[in-house]
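Contents: one structure, followed by commentary.
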Amino acid sequence: MENLHRPVLAWYSASARDLPWRAPEATPWAVMVSEFMLQQTPVKRVLPVYEEWLRRWPTPAALAADAPGEAVRAWGRLGYPRRALRLHAAATAIRDEHGGEVPSSHAALLALPGVGEYTAAAVASFAFRQRHAVLDTNVRRVFARAVDGQEYPANATTAAERRTANALLPDEPETAATWAVAVMELGALVCTARSPECGRCPIRSDCAWRQAGSPPHQGPARRGQTYAGTDRQVRGKLLAVLREAHDSVPQAELDKVWEDSVQRARALDGLVADGLVEPVAPGVYRLPR
DNA sequence: TACCCGTGGCA
DNA sequence: TTGCCAAGGGT
C-alpha cells in the first residue's frame, strides 16, 4: 500500500492549488475558518468570504468580541448559516477556555461547537502537522476506488474506511499531514465524483476500480436532496432579508418572501429556535446580538 | 440511522 | 432543463 505514497505526494507537489489557507503564514485560526466554510461548500465560493472574514476577525478573540449576528451577516450566501453561528461559538470557547489560541489536540478540537470528526482531524493535521486520518468526501471516494474497487463510498463513514485510512497513513507526522491534503486534492481535482480524469491520475496503475473495468455504482442511488419548496428554501429567503437589513425588520418585510403563511411561520420559528434570528418585539426581528 | 440544514454551478 | 454535488455537523 505504501507504493501509493510516492506518486501521490509527487503529484501533489506539482499540481496542488495555491490556496490561502495552505500558505505558510496561515494561522491555525485561518485553517479553522477555512474548514468551517468548506463544509459542503465549493472552494471558489469560499475564497472571497474567507479573505474578508480574516481581514475583519484575524483572531478567535476578535470574532468572539463581535455579535453572532455579524458573523451570520458576513457569512453571506455561503449556505448553511448555522455554521457561522457555530464558528462564532467556537471562537468564544477558544477565547474562554483555551486562552485565545486554537487548541492543537484532536480531542480539544472535537469538543468545539461545529467541529466534528473530519474538521478536528483536518485542523490537527493541516495546522499542527499531526498524524491523523482525514476522511472527507474526496478522500473517501479516492479510497473507495483505489482500494475497494467501488465507484463511490457508502453513505456514511464506516469503521472499515477508518481502518483503511489509518493503514495508509505515513508514519512520519509531517509526511502524514502532506499525504492527507494530497489525497484530498487528488479527489478534488482528478478523482472527481462525476467524470474522473483517470488519464491524469498518479495511481491509475494501482487503482482497484480501474483494474476492475471501472464498474458503475451498484445499489440504491443516493438520496437526491430536493430544495424547491422546502423549509430550507424559505429559511434562506427569510435570512437573506435579515442579512441585508442592518437593523430590525418588521414582520411585513418577511411576509413578502413566501406565500404560504403556515410554512413561513414554521421556518421563522425554526430560525429563532436555532439562534439565527432574534425576536426584538412582537412582529419585529433581527440577527442575534 | 436517517434526516435536517443553503446555495449555486455544471453536465 | 434539472438532478447532482460540493473540505460535514448535530440530533
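Nothing here was measured: the structure is a model prediction, and the numbers come from that model.
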- Query: Step by step, would you call Gln39(A) with Thr119(A) a side chain to side chain donor-acceptor pair (under 3.5 Å)?
  - Reply: CA-CA 9 Å; Gln39(A) 290 169 2; Thr119(A) 301; 3.0 Å; yes
- Hey, which of these two, Asp231(A) or Thr157(A), hits DNA chain B nearer its 5' end, going by closest nucleotide? Thr157(A)
- Message: Without decimals, in angstroms, what is the distance between Leu85(A) CG and dG9(C) P?
- Response: 17 Å
- Residue Pro81(A), side-chain heavy atoms: nucleotide from dG8(B), dA7(C), dG6(B) that is nearest: dG6(B)
- Using a strict 4.0 Å threshold on nitrogen-to-oxygen distance, state whether Arg162(A) and Glu117(A) make a salt bridge. yes
- Item | Salt-bridge criterion met for Glu185(A) and Arg22(A) (N-O under 4.0 Å) | yes
- Please tell me which of the listed nucleotides, dC10(B), dC4(B), dG10(C), lies nearest to the side chain of Arg194(A)? dC10(B)
- Would you mind classifying the nucleic acid contact of Glu117(A) as base, sugar-phosphate or nothing, using non-hydrogen atoms under 4.0 angstrom? sugar-phosphate
- Closest to the Thr137(A) side chain: dC5(C), dG8(C), dG6(B)? dG8(C)
- Query: If we take the P atom in both dA7(C) and dC4(B), what is their distance in whole Å?
  - Reply: 23 Å
- Note on the structure: Among dA7(C), dG9(C), dC5(C), the one nearest any side-chain atom of Leu19(A) is dA7(C)
- Item | Donor-acceptor under 3.5 Å (Arg131(A) side chain, Leu169(A) main chain) | yes
- How is Ser34(A) classified with respect to the nucleic acid when contacts are heavy atoms under 4.0 Å: base, sugar-phosphate, or nothing? nothing
- Query: Closest to the Thr41(A) side chain: dG9(C), dG6(B), dA7(C)?
  - Reply: dG6(B)
- Given dT7(B), dA7(C), dA6(C), the nucleotide with the shortest approach to the side chain of Asn138(A): dA7(C)
- Just to confirm, is there a sub-4.0 Å distance from OP1 or OP2 of dT7(B) to any side-chain nitrogen or oxygen of Tyr227(A)? yes
- Query: Taking the side chain of Val43(A) as heavy atoms from C-beta outward, which of dC5(B), dA7(C), dC5(C) is closest to it?
  - Reply: dA7(C)
- Query: Looking for any heavy atom pair under 4.0 Å, which part of the strands does Arg77(A) touch: base, sugar-phosphate only, or nothing?
  - Reply: sugar-phosphate
- Message: Using a heavy-atom cut-off of 4.0 Å across all strands, would you classify Trp21(A) as base, sugar-phosphate, or nothing?
- Response: base
- Under 4.0 angstrom, heavy atoms only, what part of the nucleic acid is Leu239(A) near: base, sugar-phosphate, or nothing? nothing
- Query: Gln39(A) side chain: which of dC5(B), dC5(C), dG9(C) is closest?
  - Reply: dG9(C)
- Message: It should be established whether Arg243(A) places a side-chain nitrogen or oxygen under 4.0 Å from OP1 or OP2 of nucleotide dT7(B).
- Response: yes
- Query: Which atoms form the tightest heavy-atom contact between Tyr118(A) and Phe126(A), and what is the distance?
  - Reply: OH-CE1, 4.3 Å
- Item | 5' priority, DNA chain C, between Leu112(A) and Pro42(A) [closest heavy atom] | Pro42(A)
- Base, sugar-phosphate, or nothing for Arg266(A), non-hydrogen atoms under 4.0 angstrom? nothing
- Message: Taking only the P atom of each, what is the distance from dC3(B) to dC4(C) in whole angstrom?
- Response: 16 Å
- Item | Given DNA chain C, 5'-ward residue of the pair Val115(A) and Arg45(A), judged by closest heavy atom | Arg45(A)
- Item | Integer-rounded Å distance: dT11(C) C1' and Asp274(A) CG | 11 Å
- Note on the structure: To the nearest angstrom, the CE-P distance between Met32(A) and dG8(C) comes to 16 Å
- Is the base of dT7(B) touched by the side chain of Arg232(A) through a donor-acceptor pair closer than 3.5 angstrom? no
- Do the side chains of Glu70(A) and Arg56(A) get nearer than 4.5 Å, heavy atoms only? yes
- Query: Gln233(A) has an atom CD; how far is it from atom C1' of dG3(C), in whole Å?
  - Reply: 15 Å
- Query: Hey, does Leu276(A) reach any base, or is it just sugar-phosphate, or nothing, if we go heavy atoms under 4.0 Å?
  - Reply: nothing
- What integer distance in Å separates Arg17(A):CZ from dA7(C):C1'? 9 Å
- What integer distance in Å separates Gln40(A):CD from dA6(C):P? 8 Å
- Mind checking Gly116(A) for me? I need base, sugar-phosphate or nothing, with any heavy atom below 4.0 Å counting as a touch. sugar-phosphate
- If you check every side-chain atom of Arg141(A), which of dT7(B), dG3(C), dA6(C) has the closest atom? dA6(C)
- Val234(A), Tyr80(A): one ILVMFWY side-chain cluster at the under-4.5 Å cut-off? no
- Round to a whole Å and report the spacing from CG of Leu47(A) to P of dA6(C). 17 Å
- Find the distance Glu35(A):CD to dA6(C):C1' and express it as a whole number of Å. 13 Å
- C1' spacing across the pair dG9(C) / dG9(B), given as an integer number of angstrom: 24 Å
- Pairwise C1' distance for dT11(C) and dT7(B), with rounding to whole Å: 23 Å
- Comparing nearest nucleotides in DNA chain B, the 5'-proximal residue of the pair Ser195(A), Ala240(A) is Ala240(A)
- Query: Would you call Arg289(A) and Asp247(A) a salt bridge, using N to O less than 4.0 angstrom?
  - Reply: yes
